[in-house]
Structure formats: structure tokens, C-alpha cells
Amino acid sequence: MTTLTRTGSSPALDHRPKSLTHPARTGFLLTLPALAFVVVFVLVPLVFAVYMSLTNWPLIGSYEFIGFGNYAAVASDPVFWKSVGYTVLYTAIVTLPILALGYVLAVVVRSNRRFSTAFRTIFFLPYVIGLTTLSFLVVLEAQPGSGAVNIVLEALGVTDGTTAWLADGTLATALICVMIVWAVSGLTMVLLMGGMQGIPRDVYESAEMDGASWWQRERSITIPMLRRTIAMSLVISVIGSLLAFTQFYVLTRGGPGTDTQTVVMYVYQRGFVQLQLGAASALSIVLVLVIGLVTAAQFRLLREKE
């Protein structure tokens, strides 16, 4: 009788064969450009901004390390907190209208009915044009006596046609909010439309056979199945509103006074007008942390229940 002895396991049995077509180093090399981009343009500037926030760094000249002095000054800066309150108010005003209008537009264009492609293009066009161009157009059209806004409202009997929209904080805020809802809802439409088109048609047909109305189908099928897409749309909208700058810079420059000054505009004023880059960096770090916390809270509140 021959005795079989185990002299050891074969390497082929202990280790999975290496891929001949996709070695590990190939994947690393493919991701290296993106990794380098993140390191050079995100991590390094972020670390440098943190360091600057701990100094009294001017735009020109020497600087000194002051520790957390800039952060302590943030807590006692009334102009900063006023800009925070205004930014939060602006965000609260525009967020739900953007979602609601985007949802309505998505319902209109989600099917393959006639002219639906043309409507998608028309509704999305303001977002493609960009806030800078739209803001300059609004500056022209909001002029007292000659702008289209006053001409239309005068024809409707709402105003006398001489309203200076951008000279009053409340009126300027209302005008900017209307412009933003109109301009940004196209993006929300595209996001929601993509989610709607991913819902199986059989689900709607079954509900229709059970006698469900259009609103019942939307409430019981579409909205629950779009929960993740709606959450993503809200997160994008809130972050964009908290970082609002372009429309306020072009239309009001934060005025009159500081009535329409957002947080980002205040950071811009401290850094590039008052030339206090250290203080501006501290404000930027605080803003990044706040936006991170707000985003995390949104994801926690809007996440799907398992």
C-alpha cells in the first residue's frame, strides 16, 4: 500500500491567479491623474487655507501667526452673522419653489409626447445660459421706466413703471429669488425626469387598473420611488444657495448697504477688498464646515428607511 503524504499546498491553490489583462498597478496608474488633481487642487489649497486662517496674512507684506484669533473674531462679527442670516433666509425662500417647479416641469416632459423634447430644451436653457448672463439681463430689464419688468407690471396695473427694484433690499431679494427659481429649476427637472423614466411602466399600469387617479399614482408611486433623487436635488439646491455669489455680485453688490450681502460675498469683501486674507480664510473654513454639517444632516433626514 502506498502512503500518501501531504508535502504542502500548491501555490496555485492558496493564491488567486493574477489577472493578466488588469494587473493591480494598471488600476492605480489609471486613477493616478485624478488623485493628483485632487491633491494639487483640493487638498493642498485646503491645508494652505487652514494655515492662512491661523495668521493675519495680508495680500501684500509680512504676516504673523495669531492662532485662533481670526476664529474668535468671527463669533463677535455682527456683519458676518447678518450675512449668515440673510443667506439662510434666501436658501429657505428658493429651495422648495425650485423643487416644486422642477417636479412640475419633469411631469410635463417625462413622456415621449409631441414637442416634449423641445420643451425639455426650453426649460433647461436658462441653466445652460448661466447666472452671470442672466444676471446682467435682469439688470437691464429691471431698470425703472425702461425695463421689461416695470413695463409688464405697469401694463397689469401692479406698479406705476418706475420701481427701482435693485435699490431696495426686499425688492431686490424678491427679484433675485424669482430669477433663481426660473433659472435653476431646469436642472432639478432633468434630475427628476431621469428618475421618473427609471420607474417601470408596469407599476403605473397596475395602479391604473386598480382605479388610482393621477394624483394617487404620483403620491403613492412616483414620489416614494424618487426619494433618493429628490434628496440629491435638495442637497444640490441648498449647497448652491448657501454658496450664492454671482447673482448678488452682479445685481446688487450686496447693497443697498449690506441688506443683500451673502456669506460668500462677505468673504470676498474681507479677502479681496479689505485685503485681509487670513480672516477671509477663517471665514471660508467655517463656511465649509457648516455646509458639510448641513449636507450630512440632509442626507440623514432624507435617506430611505430600510
Side-chain angles (χ1 to χ4, degrees), residues 79-102 105 122-144 146-153 159 163-191 232-274 280 283-284 286-288 290-291 294-295 298:
V79 181
F80 170 73
W81 289 111
K82 181 181 179 181
S83 66
V84 169
Y86 179 78
T87 305
V88 171
L89 175 63
Y90 165 76
T91 302
I93 292 173
V94 301
T95 299
L96 290 182
I98 289 174
L99 178 63
L101 181 57
L105 296 179
I122 293 171
F123 295 152
F124 191 61
L125 189 60
Y127 183 79
V128 176
I129 292 175
L131 285 180
T132 302
T133 304
L134 291 177
S135 298
F136 277 111
L137 289 175
V138 171
V139 169
L140 296 176
E141 301 302 337
Q143 293 300 314
S146 60
V149 175
N150 280 303
I151 292 175
V152 172
L153 292 179
T159 67
T163 303
W165 291 90
L166 302 180
D168 180 83
T170 302
L171 294 178
T173 300
L175 185 64
I176 292 173
C177 288
V178 171
M179 182 194 73
I180 289 298
V181 171
W182 169 62
V184 180
S185 57
L187 175 63
T188 303
M189 174 200 72
V190 172
L191 296 174
M232 181 178 65
S233 301
L234 286 174
V235 168
I236 293 174
S237 179
V238 169
I239 292 177
S241 299
L242 293 176
L243 296 176
F245 174 79
T246 302
Q247 60 271 35
F248 290 95
Y249 181 80
V250 174
L251 287 167
T252 66
R253 298 294 178 94
T258 58
D259 288 348
T260 60
Q261 183 170 260
T262 62
V263 175
V264 178
M265 281 206 66
Y266 182 64
V267 174
Y268 170 81
Q269 289 287 333
R270 293 295 297 271
F272 298 102
V273 177
Q274 302 175 17
L283 293 170
S284 300
V286 171
L287 181 60
V288 168
V290 169
I291 291 177
V294 170
T295 303
Q298 282 186 283

Work out which heavy atom in [X] is nearest to a heavy atom in [Y]; give both atom names and the distance.
| X | Y | answer |
| --- | --- | --- |
| V250 | V139 | O-CG2, 4.0 Å |
| L131 | A183 | CD2-CB, 4.3 Å |
| F124 | G186 | CD1-O, 3.5 Å |
| L191 | S233 | CD1-OG, 3.7 Å |
| A167 | P256 | O-CG, 3.4 Å |
| P144 | A164 | CG-CA, 3.8 Å |

Output the distance between atom [atom1] ([X]) and atom [atom2] ([Y]), rounded to the nearest 0.5 Å.
| X | Y | atom1 | atom2 | answer |
| --- | --- | --- | --- | --- |
| I239 | L234 | CD1 | CG | 11.0 Å |
| L187 | L105 | CG | CG | 12.0 Å |
| I180 | I93 | CD1 | CD1 | 12.5 Å |
| Q261 | F245 | CD | CZ | 10.5 Å |
| T258 | K82 | OG1 | NZ | 3.0 Å |
| Y90 | C177 | OH | SG | 6.0 Å |

Test: side chain to side chain donor-acceptor pair (under 3.5 Å). Region: residues 173-189. Which pairs qualify, not counting sequence neighbours? Y86-T173
Hey, are the side chains of [X] and [Y] touching, using non-hydrogen atoms and a 4.5 Å cut-off?
| X | Y | result |
| --- | --- | --- |
| V94 | V184 | no |
| W165 | N150 | yes |
| M179 | S135 | yes |
| L287 | L243 | yes |
| L242 | T87 | yes |
| L251 | V138 | yes |

Full working for side chain to side chain contact (heavy atoms under 4.5 Å, CB included) between T260 and M265: CA-CA 9 Å; T260 60; M265 281 206 66; over 6 Å; no
Do other residues, nucleotides or ligands put more than 12 heavy atoms under 6.0 Å from F136 CZ? no
Under 3.5 Å, is there a donor-acceptor pair between the side chain of D259 and the main chain of T170? no
Please answer whether the main-chain N or O of T91 pairs with a side-chain N or O of T95 as donor and acceptor at a distance below 3.5 Å. yes
Over-ring placement of R253 relative to Y249, 6.0 Å and 45° cut-offs: yes
Taking it one step at a time, do L171 and L175 satisfy side chain to side chain contact (heavy atoms under 4.5 Å, CB included)? CA-CA 6 Å; L171 294 178; L175 185 64; over 6 Å; no
Yes or no on side chain to side chain contact (heavy atoms under 4.5 Å, CB included) for V190 and Y127, after CA distance, side-chain angles and deciding distance? CA-CA 11 Å; V190 172; Y127 183 79; over 6 Å; no
May I ask you to decide if the ring planes of Y266 and F80 are parallel, tilted or perpendicular, using 30° and 60° as cut-offs? tilted
